[in-house]
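To start, the structure under review is shown below, and the notes come after it.
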Amino acid sequence: AQSVTQLGSHVSVSEGALVLLRCNYSSSVPPYLFWYVQYPNQGLQLLLKYTTGATLVKGINGFEAEFKKSETSFHLTKPSAHMSDAAEYFCAVSPSYNFNKFYFGSGTKLNVKP
Amino acid sequence: DTGVSQNPRHKITKRGQNVTFRCDPISEHNRLYWYRQTLGQGPEFLTYFQNEAQLEKSRLLSDRFSAERPKGSFSTLEIQRTEQGDSAMYLCASSGPRDRDSRTEAFFGQGTRLTVV
């Protein structure tokens, strides 16, 4: 079975500060891991994904995430927050044998203060 | 490539009525998915098509829900005898066979927000 836990439903940072959004997963098979961003009344946009290979994954808009198998984590970071980063972020896992099916976390709303 | 298109964007219906949503995937994509997102939650998987074949359905998809993808192009999701608990955002996503890596990326539409009153 696959599941995702996102710690912190709301995270608030100052503009220019480090962004850290936490994601832990559970998977009975090697997972594929994703971070999606959702702006109000919009669909989901892929930020980055881990499938195989390098465990540090770089995505769009300066975001990156590191797959840590021993910790079953896939935390999302960005060195310096921008006002435009304010949105809701979803971590998702899919089993590598069936990458069509995503299991999403409940999301983290990021607020960026000026 | 205009992305995944969903219509309508918003739908308000009375309890007990039937509603139908449409999803037009990215043209060369052969996989299409439906998800449901309720307020404050992440999307939940409903069903998945590969071409015209519906290969998997979640237990969330009760008998009142039906999805089709005739000819492997657009898809429709119908909810019969709507209930207030059906109020949610219904998201469609598609992915394609360009190469193995592309198949891991699903592109989402903007969703259809259903309100049952």
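Below, chains carry the letters A, B, ... as their sequence lines are ordered, and counting in each starts from 1.
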side-chain hydrogen bond (donor to acceptor under 3.5 Å, both in side chains): pairs with one or both residues in residues 70-79 of chain B, sequence neighbours excluded
W34(B)-S75(B)
Can you tell me which portion of Q38(A) sits under 4.5 Å from chain B's heavy atoms? Options are side chain, backbone, both or neither.
side chain
Same cluster for L60(B) and Y33(B) if Ile/Leu/Val/Met/Phe/Trp/Tyr side chains link at under 4.5 Å?
no
L56(A), CG atom: more than 12 neighbouring heavy atoms under 6.0 Å:
yes
For N24(A), which residues count as a side chain to side chain contact (heavy atoms under 4.5 Å, CB included) partner, sequence neighbours excluded?
L7(A), T72(A), S73(A), H75(A)
Heavy-atom check, side chain of F90(A) versus side chain of Q37(B), under 4.5 Å:
yes
Using a cut-off of under 4.5 Å for heavy-atom pairs, which of G111(B), S58(B), P43(B), G42(B) has the most such pairs with chain A?
P43(B)
Using ring centroids (six-membered ring only for Trp), state whether Y36(A) and F108(B) fall under 6.0 Å.
yes
With a 6.0 Å cut-off (strictly less than), is the heavy-atom count around CZ of R64(B), excluding the residue itself, greater than 12?
yes
More than 12 heavy atoms of other residues, nucleotides or ligands under 6.0 Å from CD of E15(A): yes or no?
yes
Any idea which heavy atoms bring G43(A) and L91(B) closest together, and the distance?
CA-CD2, 4.3 Å
Tell me which of these, L44(A), V4(A), T52(A), has more heavy-atom pairs under 4.5 Å with chain B than the rest.
L44(A)
Keeping Y103(A) on the side-chain end and F45(B) on the backbone end, is there a donor-acceptor pair under 3.5 Å?
no
